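Atoms considered below: every heavy atom in the structure, side chains included; atoms not considered: hydrogens, waters and symmetry mates. Here the structure is a predicted model, which is why all the values come from computation and not from measurement. The chains referred to below are lettered A, B, ... by the order of the sequence lines, with proteins before strands, and numbering in each begins at 1.
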There are 2 protein chains.
Amino acid sequence: MPSPAGPPVEAGTLCCPPLTERPLSAQEAETAARVFKALGDPVRLRLFSAVASHPGGEACVCDISDVGVSQPTVSHHLKRLKEAGLLASERRGTWVYYRLEPGVLAEIGRLLASGGAA
Amino acid sequence: MPSPAGPPVEAGTLCCPPLTERPLSAQEAETAARVFKALGDPVRLRLFSAVASHPGGEACVCDISDVGVSQPTVSHHLKRLKEAGLLASERRGTWVYYRLEPGVLAEIGRLLASGGAA
DNA sequence: CGTCTATGTTGACGTCTGTCGAATCAATCT
DNA sequence: AGATTGATTCGACAGACGTCAACATAGACG
């Protein structure tokens, strides 16, 4: 495998019907698993939650980097979340701001829908 | 809609407020990440989806073990899903049946709730 | 009892992942 | 320009993870 992470997941293309609808195909599972894997680390989950819950919908790295690991590690995890299509980043002057990729929460929620809604 | 005379907190359930409500603590993230990590593997995701979408709500290993890996590997992944509190298993005669741990989908969904549905 | 089928467990091996320190890039301030 | 602060990249290393073959266990059936 040349590319370790594969192409980034585009927003809105999370694929796949709800997990309860039918068994996922190999390719669907590959795509969806990338998102869950990104959330499957405590540090990343805290970073994601910090961004998601930040007033204004975005946070600069300096605001969320107090998660008990070094700054390079924070940067590494933010990159992973970005590659998974969960976060987007933008540099404004000195600081880099991260915010949720729009729709991701709903997408994942739909994947886990047990058929209740609608 | 929490029950007024709420029943005792069930053990093994998911913890944590929605990710968007406030930054997760280290311990909360540790707990929640375990679930996402369990779903963060393509094979496990397929197994989980196969069980979740199976008529009757349960499936024996023989019904879902065609995911392209060896039988020991399937067994290993089912164990991981069980340890993460996502699946439950029961032996009935020759076969072992797996089904969703009740409420898990809703729990994870609540974690990802963006505040819309209520 | 012995054997066959269905699952789970063990041990080993290569790969992926999380982590850090050091170096590097980016923008601001004196 | 040089110095300072914020953020990413690089290089390296320990530990976790996915995988399989071989072995072990559980129940069914003759």
Applying side chain to side chain contact (heavy atoms under 4.5 Å, CB included) to B:Glu83 and not counting sequence neighbours gives B:Lys79, B:Arg80
So CG of A:Leu86 and CG of A:Leu100: to nearest 0.5 Å the spacing works out to 8.0 Å
For A:Cys62 and A:Trp95, the nearest pair of non-hydrogen atoms, with its separation, is SG-CD1, 3.6 Å
Residues of residues 92-99 of chain B with a heavy atom under 4.0 Å from any atom of DNA chain C, listed by number, are B:Thr94, B:Trp95, B:Val96, B:Tyr98
Sequence neighbours excluded, the answer for side chain to side chain contact (heavy atoms under 4.5 Å, CB included) partners of B:Ser25 is B:Gln27, B:Glu28
Sorted by number, residues from residues 62-75 of chain A placing a heavy atom under 4.0 Å from DNA chain D are A:Cys62, A:Gln71, A:Pro72, A:Ser75
When rounded to whole Å, the CG to C1' distance for the pair A:Asp41 and C:dT17 reads 9 Å
In whole angstroms, the gap separating C1' of C:dT9 from NE2 of B:His76 amounts to 12 Å
Across all chains, not counting sequence neighbours, the salt bridge (charged side-chain N to carboxylate O under 4.0 Å, His left out) partners of B:Arg99 are B:Glu90
Closest heavy-atom pair, B:Leu19 versus A:Ala52, reported as atoms and distance to 0.1 Å, is O-CB, 3.9 Å
On a heavy-atom basis, the closest approach of B:Tyr98 and B:Val51 is O-CG1, 3.4 Å
In short, B:Ala50 meets B:Ile64 closest at the heavy-atom pair CB-CG2, 3.6 Å
Axis-to-axis angle across the helix from C:dC1-D:dG30 to C:dT30-D:dA1, five pairs each end, nearest 10 degrees, ~ 10°
Taken to the nearest whole Å, CZ/A:Arg34 to P/C:dC16 is 14 Å
Whole-Å distance, A:Lys37 NZ to C:dT15 P, equals 15 Å
Closest non-hydrogen contact found for A:Ala113 with A:Pro18 is O-CB, 3.8 Å
Rounded to the nearest 0.5 angstrom, the CG-CG distance for B:Leu111 and B:Leu24 is 6.5 Å
Residues 41-57 of chain B vs salt bridge (Lys or Arg N to Asp or Glu O under 4.0 Å), sequence neighbours excluded, gives none
Atom NE2 of B:His77 and atom P of C:dT9 are separated, to the nearest Å, by 14 Å
The side chain to side chain donor-acceptor pair (under 3.5 Å) partners of B:Ser89 (sequence neighbours excluded) come to B:Lys82
So disulfide (SG to SG under 2.5 Å) across residues 71-113 of chain B, not counting sequence neighbours, yields none
note: A:Arg80, atom CZ; C:dT19, atom C1'; distance rounded to Å ~ 13 Å
Nearest heavy-atom approach of A:Leu45 to A:Leu39 is CD1-O, 3.7 Å
Residue pairs meeting side chain to side chain donor-acceptor pair (under 3.5 Å), one or both in residues 52-70 of chain B, sequence neighbours left out, come to B:Glu58-B:Arg92, B:Ser70-B:Thr73
What residues 44-61 of chain A contributes to the DNA chain D interface at heavy-atom separation below 4.0 Å is A:Val61
Span of DNA chain D engaged by chain B, first through last nucleotide within the 4.0 Å heavy-atom cut-off, is D:dC17 to D:dA28
